[in-house]
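These notes are about the structure you will find just below.
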Amino acid sequence: MIFMPADRQEARSAGMTPNSNPWRSEVVGELIGIGSILGELSAMRPFRIFRNDIPDPADPGESVTRARRMRTSRHLIGLWFDTHAKRLQGAAITSRGCGRWGEFQPGTGMTWSFEGSLAQELSRLQDQGALGEIEAATFGYDFAQWVACCCQELVDRLGPLDDELLAICFHDDGWCVLDFDGRPLFVPSLDAARLAELSGLSVISQLRQADLSAGGLGGPLEPLALWFLLADRSARTAASSRVLLKLDSPAGLYYLPASDGLDAEHPSIEFKSLELWKALKKTLACEVNSGGRSIGTLAVQGRHDSELTESLRKISSDTEDCFIRRTPANTDARLAETLDRFQGTHADIARSGVAWLMGEACSMVRVERAADPAVDQVIVSGGEAEDGFLLKQLETSLPQVQIRSIREWGWDWATLNSTLAGVLGFLHIDQQPATLPWITQADVPRLHGILAPGRPSAWRRLLKEMADYRPPPMKLREAV
């Protein structure tokens, strides 16, 4: 017996042919219309519901693919712990798009001072001679409880977005120790599993380990994240190369080339450490009762000593060589020795230090790069971004370049490091290597970070997000 709708049975009993049945004609017409719509959509949009093949990686800038990726908003918390200043930065960051197409937007940011008995324990552990496996693990367990309280305070400010958070990405300097071959090893300061248990969110941590395993130095990991935040990535029209002068810890100069988003490889970012600037600020702050004045304010009262500037340049160059050779730089000790021989005032030291810094910035800006547009903007990050004397010196040294503060991009330098940690977390979720081998000296780029699962619902949400994204193909050498 054939089951069919009642009206179709009546039509058959009345002698109507199937093709003349008005009900069937109407339904078939609707199905044909739906089929044509699905056919058009399958030709336009590579949704999985319509097709299972991967979109053409040779044309990632194709407008429909880009629009589809940019529709998704994702949220993540980035944390950065400065073990020397004993401060924790936290920032919520939003991503629109995935992988190399990602665009990031700032969210709520906070900072916390690390005080009390745990801070005293941290000071003791910073002495490498006192660092032991059991002591580090004990500190990491207790430290996770304090970090979880800070995370909860930040999450409370997010409102309804707290249910959409994918993960927490924690990044820090850790404790750097050298093995028998002189290679750096980083002992994590946080028990990530404990933080995941207390916060309920999955935690991405130990970002340096993959780079170390690939023969690298474990850092810096920030250059690619800074490129995502500050580089000119206008689709098909990118024409502005930029240099970032980052004067907060960790200090450095970053060359951020223009890109239209169609890069087959990582962009040709350049990096130069400014560890000496950090040591100079520390020395002046320890020896000068400046009443909260910046180095620029102090430098106005001094005179430029060319010999001291040349000595600072030599120390900075030797520091970079030590980084390449993987030997201790002893920057603080060498700076102290140089300043002991100097007969000038503290203001003269500050003025000569600013002159050295201007020379380093000009050297990176004025390099001719045939493949990239000329540098037309210098971005300043740190408390010195509001230093009138320092900005005036930059404008005088680089008259053809626009000098801008990082806050003009919507990013706060006080929580910039935690924002960068959040970007690195998104790159981990999108399976995008963040290490640049020509900077970290790794053999190949590797996916960074180790995951600690949170509560089951949060863990499933994160796994679903990671499974939905299909990374673009990479070179065979990088894949193996």
Side-chain angles (χ1 to χ4, degrees), residues 73-83 85-95 104-122 125 136-174 188-207 225 410-429 449-466:
S73 293
R74 303 175 299 169
H75 310 281
L76 183 144
I77 289 180
L79 297 177
W80 163 267
F81 183 61
D82 190 335
T83 56
K86 296 181 177 61
R87 292 186 66 83
L88 177 69
Q89 297 180 15
I93 182 171
T94 299
S95 167
F104 301 97
Q105 300 172 354
T108 303
M110 298 180 65
T111 59
W112 300 270
S113 296
F114 190 53
E115 301 173 348
S117 59
L118 272 180
Q120 297 175 1
E121 180 67 12
L122 174 61
L125 289 176
T138 302
F139 173 82
Y141 187 88
D142 295 334
F143 180 54
Q145 295 181 335
W146 181 77
V147 173
C149 294
C150 297
C151 284
Q152 185 59 50
E153 186 177 353
L154 181 60
V155 169
D156 290 341
R157 294 192 176 190
L158 299 180
L161 294 180
D162 59 348
D163 291 333
E164 302 177 12
L165 288 171
L166 289 177
I168 297 171
C169 185
F170 180 87
H171 190 31
D172 68 339
D173 289 331
S189 61
L190 177 78
D191 187 336
R194 179 63 174 166
L195 177 59
E197 177 64 27
L198 294 174
S199 65
L201 294 171
S202 302
V203 176
I204 307 169
S205 64
Q206 300 188 43
L207 304 183
W411 305 106
D412 186 359
W413 64 265
T415 56
L416 178 61
N417 289 328
S418 58
T419 300
L420 298 177
V423 175
L424 293 174
F426 276 121
L427 293 179
H428 175 95
I429 292 173
I450 298 175
L451 269 172
R455 61 177 178 268
S457 58
W459 179 240
R460 285 193 294 268
R461 182 166 64 244
L462 177 60
L463 290 183
K464 181 180 178 182
E465 179 65 30
M466 296 179 69

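Because the structure is a prediction, the values reported are computed rather than measured.
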Intermediate values then yes/no, side-chain hydrogen bond (donor to acceptor under 3.5 Å, both in side chains), Arg87 and Thr111: CA-CA 7 Å; Arg87 292 186 66 83; Thr111 59; 3.0 Å; yes

Trace of the side-chain contact (heavy atoms from CB on, under 4.5 Å) decision for Phe114 with Leu118: CA-CA 8 Å; Phe114 190 53; Leu118 272 180; 3.3 Å; yes

Step-by-step side-chain contact (heavy atoms from CB on, under 4.5 Å) determination, Leu165 to Leu158: CA-CA 10 Å; Leu165 288 171; Leu158 299 180; 3.9 Å; yes

Chi angles and distances behind the side-chain contact (heavy atoms from CB on, under 4.5 Å) call for Arg461, Leu166: CA-CA 7 Å; Arg461 182 166 64 244; Leu166 289 177; 4.1 Å; yes

Check against side-chain contact (heavy atoms from CB on, under 4.5 Å), Leu451 and Leu462: CA-CA 10 Å; Leu451 269 172; Leu462 177 60; 3.7 Å; yes

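In this structure a side-chain-to-backbone donor-acceptor pair under 3.5 Å is present from Gln89 to Ser418. At least one donor-acceptor pair under 3.5 Å links the side chain of Ser202 to the backbone N or O of Gly454. A donor-acceptor contact shorter than 3.5 Å is absent between the side chain of Asp412 and the backbone of Thr415.
A side-chain donor-acceptor contact under 3.5 Å links Arg74 and Ser95.
The shortest distance between side-chain heavy atoms of Ile168 and Ser199 falls below 4.5 Å. Contact check for Arg460 versus Pro456: side-chain heavy atoms found under the 4.5 Å cut-off. Side-chain contact check for Lys86 versus Glu115: every heavy-atom pair is 4.5 Å or farther apart. For the pair Leu122/Phe139, a side-chain contact is recorded, criterion being any heavy-atom separation below 4.5 Å from C-beta on. Asp82 is not listed as a side-chain neighbour of Asp172, based on a closest heavy-atom distance of 4.5 Å or more. Contact check for Asp191 versus Phe143: no side-chain heavy atoms found under the 4.5 Å cut-off. Side-chain contact between Val155 and Ile77 is present, with at least one heavy-atom pair separated by less than 4.5 Å.
With rounding to the nearest 0.5 Å, the separation of CH2 in Trp80 from OG1 in Thr419 is 12.5 Å. With values rounded to the nearest 0.5 angstrom, Gln105 atom CD is found 9.0 Å from His75 atom NE2. The distance from the SG atom of Cys169 to the CD1 atom of Ile429 is 8.5 Å, given to the nearest 0.5 Å. The CD atom of Glu465 sits 8.5 Å away from the CZ atom of Phe426 when rounded to the nearest 0.5 Å.
Across Leu76 and Gly425, no two heavy atoms sit closer than the pair CD1-C, 4.0 Å. The minimum heavy-atom distance between Ala421 and His171, with the atom names listed, is CB-CB, 4.0 Å. The minimum heavy-atom distance between Glu153 and Trp112, with the atom names listed, is OE1-NE1, 3.0 Å. Of all heavy-atom pairs between Cys151 and Leu79, the closest is SG-CD1, 3.4 Å. Of all non-hydrogen atoms in Ala91 and Leu154, the two that sit nearest each other are N-CD2, 3.9 Å. Smallest separation of non-hydrogen atoms from His428 and Met466: O-CE, 4.2 Å.
When the shell of 6.0 Å around CD of Glu121 is examined, it contains more than 12 heavy atoms from other residues, nucleotides or ligands.
Relative orientation of the Phe81 and Phe170 rings is parallel, given thresholds of 30° and 60° on the angle between their planes.
Ala148 meets the side chain to side chain contact (heavy atoms under 4.5 Å, CB included) test with Leu195, Leu198; sequence neighbours excluded.
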